[in-house]
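Following: one structure in structure tokens, then a few remarks.
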Amino acid sequence: MNSKNPIMLEIKGLHVSVEGKEILKGVDLVVGTGEVHAIMGPNGSGKSTLANVIAGREGYEVTAGSIRYQGQDLLPLSPEERAQEGIFMAFQYPVEIPGVNNTYFLKAAVNAQRRHRGESELDAMDFMQLIRAKLDVVHMSEDLLSRSVNEGFSGGEKKRNEIFQMAVLEPKFAVLDETDSGLDIDALKIVAEGINSLRAEDRSMLVITHYQRLLDYIIPDRVHVLSDGRIAESGDRDLALRLEKEGYAWLREGPTEAAQ
Amino acid sequence: MSNFSGQLAAAFERAAPALPGHANPALSARRRAALDAFMQTGLPGPRDERWKYTSVRALERREFSLAARGEADPVTADAEKSLALGQLDPWRLTFVNGRFAPQLSVLDDLPEGVVLESLGVFLDGHADRLDELPDQGFAGPSDAFALLNTAFMHDGHVLVLPDNVRLERPVHVVYLGMPRDVSLMSHLRNIVQLGENCEATIIEHWLGAGRENEHDNLTNTVGLSLLGKGAKLTHLRLQQDSAHGVLVDRHDVIQQEASSYTAHTFDFGGKLVRHDLNTRFEAPGARCELNGLYVLDGRQHVDNHTRIDHASPDCTSKEQYKGVLNDRAHGVFDGLVLVQPGADGTDAHQSNANLLLSGDAEVDTKPQLEIYADEVRCSHGASVGQLDEDALFYLRCRGLDESAARGLLMRGFGMEMIDRVDSPELRQVLEGMLDQRLAVFGENRP
């Protein structure tokens, strides 16, 4: 796997077990700085496991292999250290947190990350200015800011809130875990546009999706197909189109000649 | 007779001649009868179902001085500052160690016809007008602390609103404890009567100043609120007693047609606290909402008993109490919703949710529904759990460290109850109190 750009994330021979069951069985992946990679694959192929391991969720046991992020060993870091170093995961199922005001939460997150970088904390005014400017990214209405985190949000609002948080936190590496799931076509467009507007030379993204549909709007630099815990195929966006046409069934027959 | 009872009997003989309203023979007789009744029963013990989880036996080994009448104890500048409630400009009655402190009270510019006074001042001035105050709802004979309160009540607050008065400012009643070299016992009686279509907000505030106080003060507050037809009372109850404070508090509410009573009980302080909050619908179409939050650590013990009596049809009650318990704290929730025969159209919902943050913390929760009518909608439930792991991970993924994430979730758990308070100014005050409470949360307290 070659990448013209300096390496942002490098995964080598990654084996991961959950509750004693091996889910990832040797994943290799290199994402260059500024690149957007898509991970596709059937249900149960290990897509979400990959996302959760990168984010640092407990209960995902790495039995072999490594993940390096900006040249640093990622695995010993706690989830918050990873976030502070610039890793962001947009959740497939954003968690509802009653009683925790969206703005209050975001301010705590922004300031935790600023402290880590040795920057001064934002006061209430500067912070409001920052987040108001970001609302447009996903056309989010301001009244969602004063509500509890994700509580009572529609499916679309939850996903928009994830991308909004990404816009505010400005990560270097974002994992978008099935951000398209549960969205109708209008919401999908808005979210995709938001994600596109956040593409940058110094920011990489890993877009995890079951359907090709999202990739009509977010054109990836590379597409990887995850199957039974391994990357079975890698290619450009044509690979996604092919999957759309042929489904995932052909993967079971092993890599095709064209892909080799 | 136990040592405690003997002490009380002697204290009564000394205090009686100077208790407010002593010139009124009926009141004096009532005091003595209440004392006699108390002597028969004594303090409740563990066999009393209502006191199963809360032991007051330790009180019997203490020596208490009765908060006699006279000039209030001096108050430090810091303590005086702590009386302020943010941006609010309330009427205020302050009792320092049980004694009314006029210089710390604000009673000017009251609307015409409104009575807002200290009970002591009222009884001294108008011992003959005792009949003007409602006599109902005084505690029954089995309630030991209410009997003691009737015998010894030396002060408290009186608020009487004639029909159609809406109080624009809240009434802030502060029971301020200042450190003393003895354990003090105070018995305060509070009487609130709202005429038809009145509206008022009362903030009862148990506030202990000075953590250095090594003495276990006993504060015994007994209150009655009568809500006329269409009246609306918001009743905040802020309990920030000192780390050594013992509080026994009973409040009865009697509601007429289409009246509305909303209580928000916040227990942040105290060593041993017992609340009894009882409401009764006397006529149809009334509603009550009982909200509560207790945030406890160290060896704090807080017991909330509530009773909602649906004695009339078409009334609505909503009750939710939430608790956060750390260290070896002990919380008790015992809530009875009683739907009487004929109370059709009752809508009653009750819940109690608890976060246990330590293996040594304990909560006893007992939500109870007793239904003797057919056409009703009722629900109740209780939960005891830990912080949500998924929510913790979510927050940590945004850069909050584990302790900050836990703090934010605890805060959110409490904020849900604060968000139910209508007044933005009060919400801001409460938010500050919760933050202050959680900032020292889990530090070793006695």
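The chains referred to below are lettered A, B, ... by the order of the sequence lines, with proteins before strands, and numbering in each begins at 1.
- Using a 4.5 Å cut-off between heavy atoms, A/V149 touches chain B through its side chain atoms alone.
- The closest donor-acceptor contact from the side chain of A/Q113 to the backbone of B/R398 lies under 3.5 Å.
- Other residues, nucleotides and ligands contribute over 12 non-hydrogen atoms within 6.0 Å of the CD atom of A/Q72.
- The two residues B/D390 and A/V95 make their nearest non-hydrogen contact at O-CG2, 3.7 Å.
- Under the 4.5 Å side-chain criterion, counting only non-hydrogen atoms from C-beta, B/F413 is not in contact with A/P98.
- Within the 4.5 Å cutoff, the side chain of B/R396 has heavy atoms near those of the A/E58 side chain.
- For A/D143, the CG atom counts as densely surrounded, since its 6.0 Å shell holds more than 12 non-hydrogen atoms of other residues, nucleotides or ligands.
- Interatomic distance, CD1 of A/I54 versus SG of B/C397, reported as 11.5 Å (0.5 Å rounding).
- Between A/S148 atom OG and B/D419 atom CG the span is 6.5 Å, to the nearest 0.5 Å.
- Atom CD of A/E96 is surrounded by more than 12 heavy atoms from other residues, nucleotides or ligands within 6.0 Å.
- Of the atoms belonging to A/P94, heavy atoms from both backbone and side chain fall under 4.5 Å from chain B.
- For the pair B/M415 and A/Y104, the minimum side-chain heavy-atom distance is 4.5 Å or more.
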Before giving the answer on side chain to side chain contact (heavy atoms under 4.5 Å, CB included), spell out for B/Y394 and A/F105 the whole-Å C-alpha distance, their side-chain angles and the decisive distance to 0.1 Å. CA-CA 11 Å; B/Y394 188 79; A/F105 150 64; 4.1 Å; yes

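- Looking only at side-chain heavy atoms (C-beta outward), B/L400 and A/E80 stay at 4.5 Å or farther from each other.
- When all heavy atoms of A/A112 and B/G399 are compared, the closest pair comes out as CB-O, 3.3 Å.
- Minimum interatomic distance between A/A55 and B/F393 (heavy atoms only, all atoms of both residues): CB-CZ, 3.9 Å.
- Atom CZ in B/R411 sits 13.0 Å away from atom CD1 in A/I97 (nearest 0.5 Å).
- For A/N111, no part sits under 4.5 Å from any heavy atom of chain B, backbone or side chain.
- Listed for the B/E416 side chain is no donor-acceptor partner under 3.5 Å among the backbone atoms of A/G99.
- Proximity to chain B (any heavy atom under 4.5 Å) is restricted, for A/Q165, to the side chain, taken from C-beta onward.
- A 6.0 Å sphere centred on CZ of B/R169 holds more than 12 heavy atoms belonging to other residues, nucleotides or ligands.
- The 12-atom threshold is exceeded at CZ of A/R117, counting heavy atoms of other residues, nucleotides or ligands nearer than 6.0 Å.
- No more than 12 heavy atoms of other residues, nucleotides or ligands shown are found within 6.0 angstrom of CD on B/Q87.
- Using a cutoff of 4.0 Å between basic side-chain nitrogens and carboxylate oxygens, B/E389 and A/R57 are not scored as salt-bridged.
- Sparse packing is recorded around OH of A/Y93, with 12 or fewer heavy atoms of other residues, nucleotides or ligands lying under 6.0 Å away.
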